[in-house]
Amino acid sequence: MSCAKNELGILARRRIEAEIIKPIYQILVREIGKARAQAVIGEAIENAAIDAGKRFAAQEPAGADLQSFAALQYLWEKDDALRVEVVNLDDRHFDYNVTRCRYAEMYHEMGLGEIGHLLSCARDSQFIVGYAPDVELQRSQTIMSGAPCCDFRYTAKTREEKK
């Protein structure tokens, strides 16, 4: 997806989305309960993330893969949204730690900390499904859930693993 200098960053987009989702979530909690409301919001966000991944992938002239995905990371980092330390980047791995996440900070400030993982973190594993299905994300912790960092470990499947 092309990103012009004046294009709205993802952090700003997520704030706008959260402002719309917050009153919907509050009504859902009242009408169907917190667990069911979170399931509904979670499913909708995950489906949207897969669709977004597919849209991004369709714009890759040489096809979407781990390397083209790594090249897109600046979009999520725009506006100092994330502080990232790359641990490893090679043909099969893109490993990094997020040491500051303004997405998490924003959701907590908005009173949406209890669903911030649905609005942001859950997108990560689903976006890659739509973007490059042969790439898997493993993450054991997030800042959103109180950890000191998020540990992203993307791995491209080998030909044998794809079978």
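Scanning for side chain to side chain donor-acceptor pair (under 3.5 Å) contacts around Arg36 gives an empty result, with sequence neighbours left out. Lys54 is linked by a side chain to side chain donor-acceptor pair (under 3.5 Å) to nothing, counting only residues two or more places apart in sequence or in another chain. Scored by the side chain to side chain donor-acceptor pair (under 3.5 Å) test, His93 finds Asp90 as partners (sequence neighbours excluded). Residues passing the side chain to side chain contact (heavy atoms under 4.5 Å, CB included) test with Gln126 are Glu46, Ala49, Ile50, Val129, sequence neighbours excluded. By the side chain to side chain contact (heavy atoms under 4.5 Å, CB included) test, Glu77 pairs with Gln73, Leu82, Val84, sequence neighbours left out. When the side chain to side chain contact (heavy atoms under 4.5 Å, CB included) test is applied to Cys121, the partners found at least two apart in sequence or on another chain are His117, Arg139, Thr142, Met144. Take Ala70 and apply the side chain to side chain contact (heavy atoms under 4.5 Å, CB included) test, not counting sequence neighbours, and it matches Leu89, Phe94. Among residues two or more places apart in sequence or in another chain, the side chain to side chain donor-acceptor pair (under 3.5 Å) test is passed with Asp95 by none. Shown here are the ring-ring contact (aromatic ring centres under 6.0 Å, His included) partners of Phe127, two or more places apart in sequence or in another chain: Phe56, Trp76, Tyr131. Tyr103 is linked by a ring-ring contact (aromatic ring centres under 6.0 Å, His included) to nothing, counting only residues two or more places apart in sequence or in another chain.
Counting only residues at least two apart or on different chains, no salt bridge (charged side-chain N to carboxylate O under 4.0 Å, His left out) pair has a member in residues 19-31. Each salt bridge (charged side-chain N to carboxylate O under 4.0 Å, His left out) pair with one or both residues in residues 98-111, not counting sequence neighbours, appears once here: Asp80-Arg100, Arg100-Glu105.
More than 12 heavy atoms of other shown residues, nucleotides or ligands fall within 6.0 angstrom of atom CD in Glu114.
Contact record, Leu28 with Ala37: CB-CB, 3.6 Å, taken as the closest heavy-atom pair. Shown here for Asp91 and Ala156, the closest heavy-atom pair between the two residues is O-CB, 4.3 Å.
Note on Val87 and Tyr154: separate hydrophobic clusters, where clusters join Ile, Leu, Val, Met, Phe, Trp and Tyr whose side-chain heavy atoms are under 4.5 Å apart, directly or indirectly. Linking Ile, Leu, Val, Met, Phe, Trp and Tyr residues whenever their side-chain heavy atoms come within less than 4.5 Å places Leu8 and Leu119 in a single cluster. Neither Ile27 nor Leu118 shares a network with the other; the hydrophobic side chains, linked directly or stepwise wherever heavy atoms of I, L, V, M, F, W or Y lie under 4.5 Å apart, form separate groups for each.
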Start with the C-alpha distance between Glu136 and Ile128, add both sets of side-chain angles, then the distance that settles side-chain contact (heavy atoms from CB on, under 4.5 Å), and finish with yes or no. CA-CA 7 Å; Glu136 293 181 340; Ile128 200 66; over 6 Å; no
